[in-house]
Every structure is written in structure tokens, then in C-alpha cells.
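Please read the structure below before turning to the comments.
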Amino acid sequence: MAVQSLSRYDAYAGNPEKKLTLYMLVLGFAALLVGTLFGPLQAFNYAGIDLYRVLKPMIQSYYQGLTVHGVLNAIVFTQLFGQAIMLYLPSRELGLRPNLTWAWISWWMALIGLLITALAVLSNAASVLYTFYPPLEAHWAFYVGAAIFVLSSWVTAFLTIEMWTRWKRQNPGKLTPLATYMAVTFWLMWLLCSLGLVVEVAVFLIPWSLGLISGVDPLLMRTLFWFTGHPIVYFWLLPVYTLAYTTLPRLAGGKLVSDPLARLVFLLFLLFSTPVGFHHQFSDPGISPTWKFIHMVLTMMVAVPSLATAFTIAASLENAGRARGGKGWFGWIRALPWDNPTVLAFILGFLAFIPGGAGGIVNASFTLNQGIHNTTWIPGHFHLQVATLVTMGAMGTAFWLIPHLTGKPLVGRGYAVASQWMWFLGMFIMTFALHWMGWLYQVPRRAFIAGSPTAMEAYKDSGTWMTLNAIAGIILTIATLFFFYVIFATLLQKQRDPSRVMPEVPFTQVLSDPEGSGLAALTDRVWFWFGVAVVLVVLAYGPVLLQMFTHMNPVPGQRLW
Ligand code: HAS
Ligand code: HEM
Ligand code: CU
């Protein structure tokens, strides 16, 4: 045994958590691969071309495909990426190892939950989309699988918090290091906000789908869903923000301008991510406009940490550009390392996030929302956010992280760079068209228009924008192929060459550090702030939920596919 292990380079010797991180990442990217392949088919639907025909009898309907797309991309890929990053970064930063037995249990839970859910969706027993609004009723396996999958993230949350408290005991009085601070506040935010989904699924949907209770109240279910459903977007986003704050400045050749401000950003996300869910329910009857208005105001609050991020990340990139010799107002932009696929992915992702964020503020405005709710404007909005910044941040990170974890150098750097430009371009074109079609022509989202001559007739005025969707679908298909070529070629090569990979996580240095900062010390009282977050949620949701729980109108399930 000993001879065998000495005779080859063991990538994980001394760092068994690297293997776990790799497995989480690879499972996540596998989900992204399958989920993303359906994307162009949907883009073609909004070009009036029905490519779903090609998939029959494997995929029975547009809605089955859309369920696979939404669930694998937005629920599975994002969570696994978060579980990989938000455990690995603090572990490296603190120099501590998480409890690996439990970490592997969490991986197995994710895999088993995913397989159970996939079985239900692929056998066409759960075409309920990733929001699974009752009275649409899926096979129980869909809800049970999803519950096991989500609970796996709780295990990672507890492992990270345990590592942090261990470090705190060993370093009394010291300020939590930055990446760990971000990971801890992130997981606490998730533990708090995922309660809505867990109650919806465990208390109502599983018993309902098993026939133990005869009905559920659709309004209450939607409310519990959006209790988790808005903050979940920050659950997708914050791993990428964490990488942007703690690694991007260094990768770009500069320093993070302010550490205390970065902590404040994550604290604000802990406080304001959850009590805002009614901005998804402005059109739902049964919730008073007063509460909707309160949630609207709180939604504007949760845009603040992203505005602060825009400032800090742009200033840090400027710092990098100037350190690389860039001069004048714009010279620093040109001086950034555009040929580095990781830096490129983040910059392009952030550029897309600007119109995406502005669109979010339109969505959040009670009155303006009436004009765009349930139109293609909405997938336009969130493909800039989750399918561009979050996905590109993850893809960009994979370009250094997979080599770092495996000791295998990146293969196909040119393809990596091309994949990011094309992804950005494709998403930009598609989201532009979707926004326009939704806003000006009121084309509905989640509508299989290519399969209906009447619908095509009704929306024929948006023909130009439809053409753009088809073009975007083609560009995005090529981008996807390029990206996954790089990932597979890197993973499957035989060569391991530790001298050509990044040996350590490229944690950045900071210009304004937290030592002696009153703000940083204040933000470090994490449990106190967690208590404040709980109180805010109770105030913003308590009265409405109490009323809904005491006035339930249960209805039986329907299967419309
Ligand atoms: Fe959203 C619907 C409001 C952010 C995802 N959103 C959705 C849905 C998804 C989603 C998936 O209020 C659809 C759900 C469904 O299926 O029905 N959203 C917001 C607001 C924000 C926001 C106010 N959303 C996100 C993020 C997402 C996401 C992030 C995923 C990751 N959203 C809504 C509302 C709805 C909604 C309503 C319901 C609509 C309806 O009627 O159904 C804010 O958090 C946005 C803040 C962002 C900014 C932008 C800051 C800019 C930055 C870039 C800086 C640039 C740099 C580049 C650094 C204020 C950080 C420098 C470049 C150089 C070259 C140097
Ligand atoms: C829905 C295209 C990648 C998340 C859609 C829709 C289109 C589309 C056109 C709207 C469908 C409809 O409303 O009927 C694409 C293309 C992609 C891509 C062309 C890239 C090749 C992604 C990625 C993510 C994502 C990477 C997330 C990480 C979603 C979600 C929905 C959606 C959550 C909503 C599903 C629903 O309404 O139930 N996609 N997408 N997409 N997409 Fe994508
Ligand atoms: Cu939201």
C-alpha cells in the first residue's frame, strides 16, 4: 500500500477536503450541463421554433423540459457550487479541516436527493416547474428528493459554523477573517430563510402527495415558497460575491480596497434578504397592499449591499488596472488582464449585472411590476443575474479551482476565454430580446408559444426580437460546448503537474484593513445580528403568516400535463 501511494503523485494527500470540494463542484457542473442543454430549446420557443419535437418521446412536453432546466440550473447547480465554495474557502483561510465524515454524508445526501428528484421529473411525474406552485401536484418522490437535497446544504452550514466556532475558541478576541465572515453570515442567512421551503415541503407537500392530507392552501404555499424564494437568489449570488471580494482583486493584479465595507455588505444581506418575499406576490390576492408596500421598501434596502459591491469591486479593479500600469480615466480598464479567463468571466458577469440589477428595481416597484409580471421580462431579468453573473463567476472560478484541487493544469485556455465572451454575448442578446418582448409586447413567460399558431399570430409584432432569441440560442450552445470541453479535457487528462497550478487559494490583500475598525468590530457580533435578522423576519411575516395559517383553504391537487 505504502509503496503504491508513494509511486504516484497523490493530489489529495494532506488535503482530503480538496477531493470533497472537487466532487461537489463536478456534481454541480454535471447538473449545469444537463440543465443548460434545454436552455436553447426555450430560446427557440421564443423565436417561434419548436425544437422540443426532436426530444420526444424522451421529453414529453415543454413544461417537463422547463422543469429540468429550472431545477438543475437554479436549484441544484447553484447549491452545490455554494456548498463547495463556502466550506472550502473558510477551511483554507482558517487552516482548519471540516468534519469530513459529515461532509461526505452531505455529498451523498445531495446525490441521492438529486437522483430521486430526477427520477420523478424524467418519468414525467413532476412537470411542476422549479416553483412547484400547488395546486399542481407532483409525485411524492419529487418533494422527498428535493427535501433531502436541500437538507444536505444544512449539513454544510453546520460544518462551516462548527469550524468557525472552533477557530474562535482557539483565537479569542480576534476578528473573524474575511472569507470566513462571509461564509458564516451566508450560511446563517440560508438557515433562516430556507425554513419557509422546509415547512412547505415537509409539513404540507409531502403528506399531501402521499395522500395523508387531502388538500393544501395555494396562497399559503406560495407565501412559504417566496419566503425562501427571494433570499435563495442571494444564496446563489453570495458565493460569487465572496470570490469577487476575496480572490478577484488579486487575480486581476491588485488589492481589495476595503475590508470593513465588504463585511457590512454581507451583514446587510443577512438582515435584509428574507423579509421581502411579497415582491413576488404583488399580483396575489389575499395579501394586503400595506404588507406588499412594506416588503417593497425592504427590497429597496436589499439593493444597497449590491450597490456597495458595485463600488468596492469597481474600485478594486481600478486599483489592479493602475498597478498594471493603466493611466488616465479609462486606461486602467484596458490594462486589466482580459486574457485571464477567470478575470474576464467576472468582469463580463458584473457588467451584465448592472442592467440586471436595474431591472430588479423595476420589478420591485409595486406599480411598475404590474406591467412586467409574468412576462418574458422576468426571465430576461434573472438570466442576467443567475445565468450570467453567478454562472460566469462559477465557470471562471472553475478555471483555476479545478487545477488547484486536482493538480491538473487547465487545458484549452483559448476555448475558456472564447466560452466566456460567447456566453456573455449570447446572454446579452437573449435577455435584451426577452426584456423587450415582455415589456412592450406583453409576451408571457412560461408559454409554449411555438406550439400554438394562435399565440404566434398574437405575438407576431415581436418578430425581430424573436430572431434575436434564435441567434442567442445558437451562440449559447457553442459557448456551452466550449466551456464543457475545457472542463472535461482538464479533468480527464492523465497529467498532474503541481508546478503549473495555483498551489494556494489566491486570497487577496486589502488596502483598508479591518484592524482597529469600529465598523468591523461591530459587524463581528454575528449572533447578535442573527437575532436582529430573526426579529425583522418575524415582524415582516409574522402577522400575515399567522392569518394564513388560521384561515386555510385547502384544495386538492391537479395534474395538468
Ligand atoms: Fe430578482 C424575480 C427584484 C436580484 C433572480 N429574480 C426574480 C426571479 C429570479 C430572480 C430567478 O421585486 C424570478 C422568479 C420566478 O421564477 O418568478 N431581484 C430583484 C432586486 C434585486 C434582484 C431588487 N434576482 C436578483 C439576483 C438574482 C435574481 C441577484 C439571482 C442571482 N426579482 C426582483 C423582483 C422579482 C424578481 C421584484 C419578481 C418579479 C415578478 O413580478 O415576478 C437586487 O438584489 C438587485 C441589486 C443589484 C444591483 C446591481 C449592482 C451592480 C453591480 C455590478 C458592478 C459592476 C462592476 C463591473 C464591478 C443594484 C454589483 C466593473 C467593470 C469594469 C470593466 C471595471
Ligand atoms: C428559463 C434560456 C441557462 C435558469 C429560461 C427561459 C429561457 C431560457 C428562454 C424562459 C422559458 C419560459 O419562460 O418559458 C436559457 C438559455 C441558457 C440558459 C439559452 C443557456 C444556454 C440558464 C442558467 C440558469 C437558468 C445557467 C441558472 C443557473 C433558468 C430558470 C428559468 C429559466 C430558473 C425559469 C424556469 C421557469 O420559469 O420555471 N431559460 N437559459 N438558465 N432559466 Fe434559463
Ligand atoms: Cu425576489
Side-chain angles (χ1 to χ4, degrees), residues 32 35-46 62-63 66-67 69-75 77-78 128-131 226 229-237 240-241 244 273 276-283 295-296 299-300 302-318 321 332-333 336 346-366 369-370 372-391 394 423 426-427 430 434 444-449 469 472-473 475-477 479-480:
L32 180 72
T36 293
L37 288 176
F38 287 85
L41 306 188
Q42 289 142 205
F44 275 108
N45 167 52
Y46 282 108
Y62 184 74
Y63 294 100
L66 194 54
T67 305
H69 180 80
V71 170
L72 285 185
N73 285 340
I75 310 280
F77 155 66
T78 45
V128 290
L129 306 183
Y130 84 113
T131 46
W226 289 115
H230 181 78
I232 206 174
V233 312
Y234 303 123
F235 179 63
W236 307 336
L237 178 70
V240 166
Y241 268 17
S273 289
V276 299
F278 292 158
H279 70 226
H280 291 267
Q281 299 181 276
F282 285 146
S283 301
H295 280 221
M296 175 186 83
T299 305
M300 299 303 168
V302 82
V304 172
S306 283
L307 291 167
T309 300
F311 167 76
T312 312
I313 297 299
S316 303
L317 287 174
E318 177 176 353
W332 61 270
I333 298 180
L336 289 169
F346 273 90
I347 294 180
L348 296 180
F350 271 115
L351 286 176
F353 203 66
I354 299 173
I361 306 221
V362 171
N363 300 345
S365 311
F366 199 167
N369 183 274
Q370 299 302 316
I372 42 83
H373 181 62
N374 275 342
T375 71
T376 56
W377 168 287
I378 304 298
H381 158 66
F382 65 73
H383 280 79
L384 288 169
Q385 313 290 87
V386 66
T388 311
L389 176 59
V390 172
T391 307
W423 189 278
M427 279 297 169
M430 180 179 86
L434 290 175
R445 68 183 284 202
R446 295 179 160 176
F448 181 37
I449 59 172
N469 280 330
I475 298 177
L476 283 163
T477 308
T480 306

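Both counts, for ligands and for their atoms, begin at 1 and track the order of listing.
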Query raised in the report: How far is atom 50 (C) of ligand 1 from its nearest protein heavy atom, and which residue and atom name does that atom have?
Result: S306 O, 3.7 Å
Report task. Would you tell me which option among Y130, F382, F38 has the nearest heavy-atom contact to atom 31 (C) of ligand 2? Result -> F382
Report task. Quick one: closest heavy-atom pair of Y46 and N469, and the distance? Result -> O-ND2, 3.2 Å
Query raised in the report: Can you list the atoms of ligand 2 that are under 4.0 Å from a heavy atom of T36?
Result: 20 (C), 21 (C)
Query raised in the report: Can an N or O of R446 be found at a distance shorter than 3.5 Å from an N or O of ligand 2?
Result: yes
Query raised in the report: Are any of the heavy atoms in A43 under 4.0 Å away from ligand 2?
Result: yes
Report task. Pick whichever of L129, L317, V390, I361 has a heavy atom sitting closest to atom 61 (C) of ligand 1. Result -> L317
Requested in this report: Answer side chain, backbone, both or neither: which part of T299 comes under 4.0 Å from ligand 1, heavy atoms only.
Outcome: side chain
Query raised in the report: Can you find a heavy atom in the side chain of Y241 that is under 4.5 Å from one in the side chain of I313?
Result: no
Requested in this report: Below 4.0 angstrom from a heavy atom of A314, which ligand 1 atoms are there? Numbered from 1 as shown, please.
Outcome: 58 (C)
Query raised in the report: Hey, is ligand 1 close enough to N369 that some N/O pair sits below 3.5 Å?
Result: yes
Query raised in the report: Heavy atom of W226 under 4.0 Å from ligand 1?
Result: yes
Requested in this report: Tell me which part of N73 gets within contact of ligand 2: side chain, backbone, both or neither, using heavy atoms under 4.0 Å.
Outcome: both
Query - Per-atom contacts of ligand 2 with A74, taking only distances under 4.0 Å to non-hydrogen atoms - result: 33 (C)
Report summary line: atom 19 (C) of ligand 2 has as its nearest protein heavy atom G39 C, 3.3 Å
Requested in this report: Indicate, as side chain, backbone, both or neither, the part of W236 found under 4.0 angstrom from ligand 2 when only non-hydrogen atoms are considered.
Outcome: neither
Query raised in the report: Against heavy atoms of L476, which atoms of ligand 2 measure under 4.0 Å?
Result: 19 (C), 21 (C)
**Report entry** Nitrogen or oxygen atoms of T391 and ligand 2 under 3.5 Å apart
**Finding:** no
Requested in this report: Pick one of side chain, backbone, both or neither for how H295 approaches ligand 1, counting any non-hydrogen atom pair under 4.0 Å.
Outcome: neither
Requested in this report: Name the closest protein heavy atom to atom 21 (C) of ligand 1, giving the residue it belongs to and the distance to 0.1 Å.
Outcome: Y234 OH, 3.9 Å
Query raised in the report: Hey, mind stepping through F382 and V233 against side-chain contact (heavy atoms from CB on, under 4.5 Å) and telling me if it holds?
Result: CA-CA 9 Å; F382 65 73; V233 312; over 6 Å; no
Requested in this report: Write out the residue and atom name of the closest protein heavy atom to atom 56 (C) of ligand 1, then the distance separating them to 0.1 Å.
Outcome: F350 CB, 3.6 Å
Requested in this report: Check step by step if side-chain contact (heavy atoms from CB on, under 4.5 Å) holds for T388 and F353.
Outcome: CA-CA 8 Å; T388 311; F353 203 66; over 6 Å; no
**Report entry** Any N/O pair T480/ligand 2 closer than 3.5 Å
**Finding:** no
Report task. Name the option, out of F448, Y63, Y62, F44, that contains the heavy atom nearest to atom 14 (O) of ligand 2. Result -> Y62
Query raised in the report: If you look at every heavy atom in F346 and L389, which pair is closest and at what distance?
Result: O-CD1, 4.4 Å
**Report entry** For the student: nearest non-hydrogen atoms of I378 and N363, plus distance
**Finding:** CD1-OD1, 4.0 Å
Query raised in the report: Does any N, O or S atom in H381 come within less than 2.8 Å of atom 1 (Fe) of ligand 1?
Result: yes
Query - Close-contact set for ligand 2 against Q42 heavy atoms, below 4.0 Å - result: 1 (C), 5 (C), 6 (C), 7 (C), 8 (C), 9 (C), 39 (N)
Report task. Could you tell me which N, O or S atom of H69 is nearest to atom 43 (Fe) of ligand 2? Result -> NE2
Query - Closest protein heavy atom to atom 40 (C) of ligand 1, given as residue, atom name and distance to 0.1 Å - result: H373 ND1, 3.3 Å
Query raised in the report: By number and element, which atoms of ligand 1 are closer than 4.0 Å to a non-hydrogen atom of A310?
Result: 51 (C), 52 (C), 54 (C), 58 (C), 60 (C)
Requested in this report: May I ask whether M296 has any heavy atom positioned less than 4.0 angstrom from an atom of ligand 1?
Outcome: no
**Report entry** Heavy-atom nearest neighbour in the protein, as seen from atom 62 (C) of ligand 1, with distance rounded to 0.1 Å
**Finding:** L351 CD2, 3.8 Å
**Report entry** H383/L476 under side-chain contact (heavy atoms from CB on, under 4.5 Å): CA gap, chis, key distance, verdict
**Finding:** CA-CA 12 Å; H383 280 79; L476 283 163; over 6 Å; no
Query raised in the report: Which option out of V362, T78, V233, V276 puts a heavy atom nearest to atom 31 (C) of ligand 1?
Result: V233
Report task. Show your working on side-chain contact (heavy atoms from CB on, under 4.5 Å) between Q42 and Y62 and close with a plain yes or no. Result -> CA-CA 8 Å; Q42 289 142 205; Y62 184 74; 3.5 Å; yes
Report task. Would you check whether W332 has a nitrogen or oxygen atom less than 3.5 angstrom from a nitrogen or oxygen atom of ligand 1? Result -> no
Query raised in the report: How does W236 reach ligand 1, if at all, at less than 4.0 Å between non-hydrogen atoms: by side chain, backbone, both, or neither?
Result: side chain
Query raised in the report: For the residue pair I449 and N45, what are the closest heavy atoms and their distance?
Result: N-OD1, 3.1 Å
Requested in this report: Return a yes/no value for Y130: is any of its N or O atoms, backbone included, closer than 3.5 angstrom to an N or O of ligand 1?
Outcome: yes
**Report entry** Atom of H230 closest to the Cu ion (ligand 3), considering N, O or S atoms
**Finding:** ND1
Query - Heavy-atom pair with the smallest gap, counting every atom of S365 and M300 - result: OG-CE, 3.9 Å
Report summary line: Of all protein heavy atoms, the one nearest atom 8 (C) of ligand 1 is F382 CD2, 3.4 Å
Query - Sub-4.0 Å atoms of ligand 1 with respect to non-hydrogen atoms of R445 - result: 15 (C), 16 (O), 17 (O)
Query raised in the report: Who's the nearest protein heavy-atom neighbour of atom 12 (O) of ligand 1, and how far?
Result: A364 CA, 2.9 Å
**Report entry** Spacing of CG belonging to L336 relative to CH2 belonging to W332, to within rounding of 0.5 Å
**Finding:** 6.5 Å
Query - G360, S273, G229: member with heavy atom nearest to atom 20 (C) of ligand 1 - result: G360
**Report entry** ligand 1 N/O within reach of T309 N/O, cut-off under 3.5 Å
**Finding:** no
Query raised in the report: What atoms in ligand 1 come closer than 4.0 Å to a heavy atom of V386?
Result: 30 (C), 31 (C)
Report task. Using distance alone, decide if ligand 2 has a nitrogen or oxygen within less than 3.5 Å of any nitrogen or oxygen in R445. Result -> yes
Query raised in the report: Does I313, backbone or side chain, put an N or O under 3.5 Å from an N or O of ligand 1?
Result: no
Query - Shortest non-hydrogen separation from Y234 to S273 and the atoms involved - result: CD1-OG, 3.3 Å
Requested in this report: Give the atoms of ligand 1, by number and element, whose distance to some non-hydrogen atom of I347 is under 4.0 Å.
Outcome: 64 (C)
Report task. Identify, by atom number and element, the atoms of ligand 1 in contact range of L307, meaning under 4.0 Å from any of its heavy atoms. Result -> 59 (C)
Requested in this report: Assess the pair F38 and H69: is the distance between their ring centroids shorter than 6.0 Å?
Outcome: no
**Report entry** Per-atom contacts of ligand 2 with M427, taking only distances under 4.0 Å to non-hydrogen atoms
**Finding:** 3 (C), 17 (C), 18 (C), 20 (C)
Query raised in the report: Does ligand 1 have an atom that lies less than 4.0 angstrom from a heavy atom of F282?
Result: no
